Amino acid sequence: MPEGERVFTRKAQYQYGWDWGPRLVTVAIYKPIELISWNNLKLNDLSYEIVKLDKNQAKVKFKFIIQSEQNTAVEINFNQKIITQKLTKGINHFSIDETIHNPKLWWPNGMGEQYLYDYQFKIKQGNEQIFKYLKFGLRTIELVQEKDEVGSRFYFKVNRVPTYMKGANYIPQDNFVSRVSKNDYEKLINSSVEANMNMIRIWGGGIYEDDYFYELCDEKGLLVWQDFMYACAFYPGDQDFLHNVKQETIDQVNRLKNHTSIALWCGNNEIDEAWKNWGYQKQMGWSKQDSLSIWKDYQTTFHHIIPNVLDSILPKSENRYWPSSPSIGWGRKESLTQGDSHYWGVWWGMEPFETYEKKVPRFASEYGFQGMPTLKTVKSMFSEKDTLSKNSAIILAHQKHPKGWETINEYMQRDYVVPTDFVQYNYVSQLLQARGIQLAFEAHRRAKPYNMGSLYWQLNDVWPVTSWSSLDKLGNWKALHYQVKRSFENVLISVEKEENVYKIYIVNDLLKDLKGKVKFSVVDFNGNKHWTNDKDVIILSNSSTKIMELTDEILKGTSSTK
């Protein structure tokens, strides 16, 4: 099978090697082991469902699953209330309704407050007591897929507001995940928030992240696109494996379902695209029967088992499932008119950066370009006696893409003078990465509401490496991350060049209209002004508006405008 033995093990797939990380296959129990005992009562689950939410009140249903060793009654104490509940011997399912008046809404980063309600439940039977805490925000999320004259839209509504998603794809923070500390999580999430992100996609070749990661996302307003951990390969379909798939899905959905930040459950990364576009059937010499069997196994996992588990656990309002990302491969024109897209014509296809301005999808869930880590991180790879050089064995070993340097050099030659000095080359590689991805960011945002999401590849690294990341392994901001912060501002002024016309846009992600005067100037490199103009504008909330067109004639000194 493609990708070898990794598909047979339910462990982090990236540890078998990826084009940004080494092959370091670990075997160990790396999380705490608990021995749980009880006398008469065991709380198997406590979850919540937002039944109704408006500005006046929220109705919340708390759902309990309690295992009792006898017929009995319990007292449930929460929010200065005491509820008596009868239990029968065995598994008991019941719910308690709660009304919250004048509710405070939870909003993604940049849209409002991330208010979280904190509930403590004390369940008492005789001398036995169980304590459970729930911390959650009141919000609604919808995944909208509406057909239109081009194809179909793909966007999220938060609290009934169409919301533009700005963010990145996240991979594990280390080759050895047990080394990641709370401080590492805090540093990464804070850097994401500071860069004006409101969504993180947890990529399907890594791990289901630590509880603390999701708690931080809840607190900081980062919505989570949660892949299940399957990526870029075809997985077995025997009964033992499928049973494990089902139980893994049950465990992870139950663990994560109470997090306010969860926006989407996604079956896998790029497996549907791999089947349809990557030519595996021919490469592997599969017969027609082989292909039918493998595709049947795929459908069983991602179109039956996983969605059926979600249906059985989640309330309808929280059950947002997308079988595979992307929905259509980047080489097909439909990938730009419907669903989500991983556009790799830039980098893999060697297309110019300007292609990003022409190939705008409905929701960009992956795209990217490589840049070197910061000089501080590069130096951490070397000893003091080593000479910094792009051709050193150390630098070459920390580039896992087979054509990585070749690709960076070709793009650099197109737009820059290629430095011979290593320090300058390191810096220019970051500028190159930042400039290229800026074109994508701003083309996506200008196209709002046609495009309603831009998640670049990738946020972080597992080790010091030349990669697509904007944060290097030590958490330092590469030039790209500074550009992310600018390009993801709620109010963005962006210019699109089309032949001899410069189109100026203002993108407004705020939930209020903007009214003011825009001043335009054409200034040469000596600071001399050759043309000025003022224009009163009203930029509607949650919109992208073209406010001016400047022609080459204006730049040459005439004063006509459009």
Side-chain angles (χ1 to χ4, degrees), residues 9-13 15 25-48 62-70 72 74-78 85 87 89-94 96 116 118-136 172-186 188-189 202 206-219 224 226-229 240-241 243-262 265 306 309-310 312-314:
T9 58
R10 294 310 298 144
K11 66 182 275 65
Q13 301 286 274
Q15 292 182 340
V25 185
T26 62
V27 179
I29 296 171
Y30 70 95
K31 290 187 176 181
I33 297 174
E34 296 178 333
L35 179 62
I36 300 174
S37 64
W38 67 95
N39 295 324
N40 295 318
L41 296 177
K42 179 173 178 283
L43 179 62
N44 288 342
D45 190 59
L46 173 56
S47 61
Y48 71 95
F62 296 113
K63 301 177 179 180
F64 296 78
I65 303 177
I66 294 181
Q67 183 174 337
S68 177
E69 299 301 316
Q70 61 188 9
T72 187
V74 294
E75 285 185 356
I76 301 174
N77 189 324
F78 73 101
Q85 176 69 38
L87 302 179
K89 184 178 180 179
I91 304 297
N92 294 263
H93 296 255
F94 62 93
I96 297 175
L116 295 172
D118 201 346
Y119 275 74
Q120 176 182 321
F121 295 85
K122 181 171 71 173
I123 304 168
K124 183 178 180 181
Q125 191 271 321
N127 295 324
E128 192 170 355
Q129 293 187 124
I130 300 172
F131 292 92
K132 178 69 176 180
Y133 298 88
L134 276 183
K135 197 171 186 177
F136 61 90
Q173 294 185 61
D174 201 288
N175 288 307
F176 307 108
V177 293
S178 60
R179 298 196 301 196
V180 180
S181 68
K182 283 192 171 183
N183 183 64
D184 294 325
Y185 284 118
E186 291 164 4
L188 180 135
I189 295 298
I202 298 182
I207 61 172
Y208 302 100
E209 262 302 342
D210 186 84
D211 291 339
Y212 192 55
F213 178 96
Y214 299 95
E215 291 168 11
L216 289 171
C217 290
D218 294 343
E219 294 171 7
V224 174
Q226 177 67 58
D227 280 7
F228 289 95
M229 294 299 117
D240 287 341
F241 191 88
H243 174 76
N244 193 75
V245 167
K246 181 178 180 179
Q247 193 57 53
E248 175 182 313
T249 307
I250 291 170
D251 291 346
Q252 294 299 337
V253 173
N254 275 320
R255 180 173 73 95
L256 300 177
K257 65 186 176 184
N258 288 329
H259 285 287
T260 303
S261 53
I262 298 289
W265 304 90
I306 292 177
V309 169
L310 291 169
S312 69
I313 294 175
L314 298 177

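In this text, all values refer to a predicted model and were calculated from it rather than measured experimentally. Here, residue 1 is the first one in the sequence, and each next residue gets the next number.
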### Task
Could you go through the side-chain contact (heavy atoms from CB on, under 4.5 Å) check for Tyr119 and Lys135 one step at a time?
CA-CA 6 Å; Tyr119 275 74; Lys135 197 171 186 177; over 6 Å; no
Any donor-acceptor pair under 3.5 Å linking the side chain of [X] with the backbone of [Y]?
X	Y	answer
Asn40	Trp38	no
Asp45	Ile65	no
Asp227	Met229	no
Gln120	Phe131	no
Lys11	Val25	no

Would you say [X] and [Y] make side-chain contact, with heavy atoms under 4.5 Å?
X	Y	value
Tyr208	Asp251	no
Ile66	Asn44	no
Val253	Leu310	yes
Asp118	Leu116	no
Tyr214	Ile262	yes
Phe241	Arg10	yes

### Task
Provide the closest heavy-atom pair for Pro172 versus Ile207 in the form atom of the first, atom of the second, distance.
CG-N, 4.0 Å
### Summary
Closest non-hydrogen atoms of Trp265 and Leu256, given as atom of the first, atom of the second and distance, are CH2-CB, 3.8 Å
Residues in side-chain hydrogen bond (donor to acceptor under 3.5 Å, both in side chains) contact with [X], at least two apart in sequence or another chain:
X	result
Asn254	Lys257
Thr9	Tyr16
Gln13	Arg6, Tyr235

#### Entry: Chi angles and distances behind the side-chain contact (heavy atoms from CB on, under 4.5 Å) call for Phe136, His259
CA-CA 7 Å; Phe136 61 90; His259 285 287; over 6 Å; no
Working to the nearest 0.5 angstrom, can you tell me the gap between [X] [atom1] and [Y] [atom2]?
X	Y	atom1	atom2	answer
Ser261	Ile189	OG	CD1	9.0 Å
Ile96	Lys63	CD1	NZ	13.5 Å
Glu186	Glu219	CD	CD	9.0 Å
Cys217	Gln226	SG	CD	10.0 Å
Phe213	Ile202	CZ	CD1	4.0 Å
Asp184	Lys182	CG	NZ	12.5 Å

### Query
Excluding sequence neighbours, so at least two apart, what forms side chain to side chain contact (heavy atoms under 4.5 Å, CB included) with Asp211?
Glu215, Arg255
#### Entry: side chain to side chain contact (heavy atoms under 4.5 Å, CB included) against Leu46, all qualifying residues, sequence neighbours excluded
Leu43, Phe62, Phe64, Phe121, Lys132, Leu134
### Query
Passes side-chain contact (heavy atoms from CB on, under 4.5 Å), Val177 versus Thr26? Steps please.
CA-CA 10 Å; Val177 293; Thr26 62; over 6 Å; no
### Task
Sequence neighbours left out, what pairs pass side-chain hydrogen bond (donor to acceptor under 3.5 Å, both in side chains) with at least one residue falling in residues 121-131?
Thr72-Gln125
#### Entry: CA sep, side-chain torsions, deciding dist, call: Thr260, Asp218, side-chain hydrogen bond (donor to acceptor under 3.5 Å, both in side chains)
CA-CA 6 Å; Thr260 303; Asp218 294 343; 4.7 Å; no
### Distance-only donor-acceptor check, side chains Asn244 and Lys246, under 3.5 Å
no
### Residues Tyr185 and Glu209: side-chain donor-acceptor under 3.5 angstrom
yes
### Query
Is the closest basic N to carboxylate O distance between Glu69 and Lys89 below 4.0 Å?
no
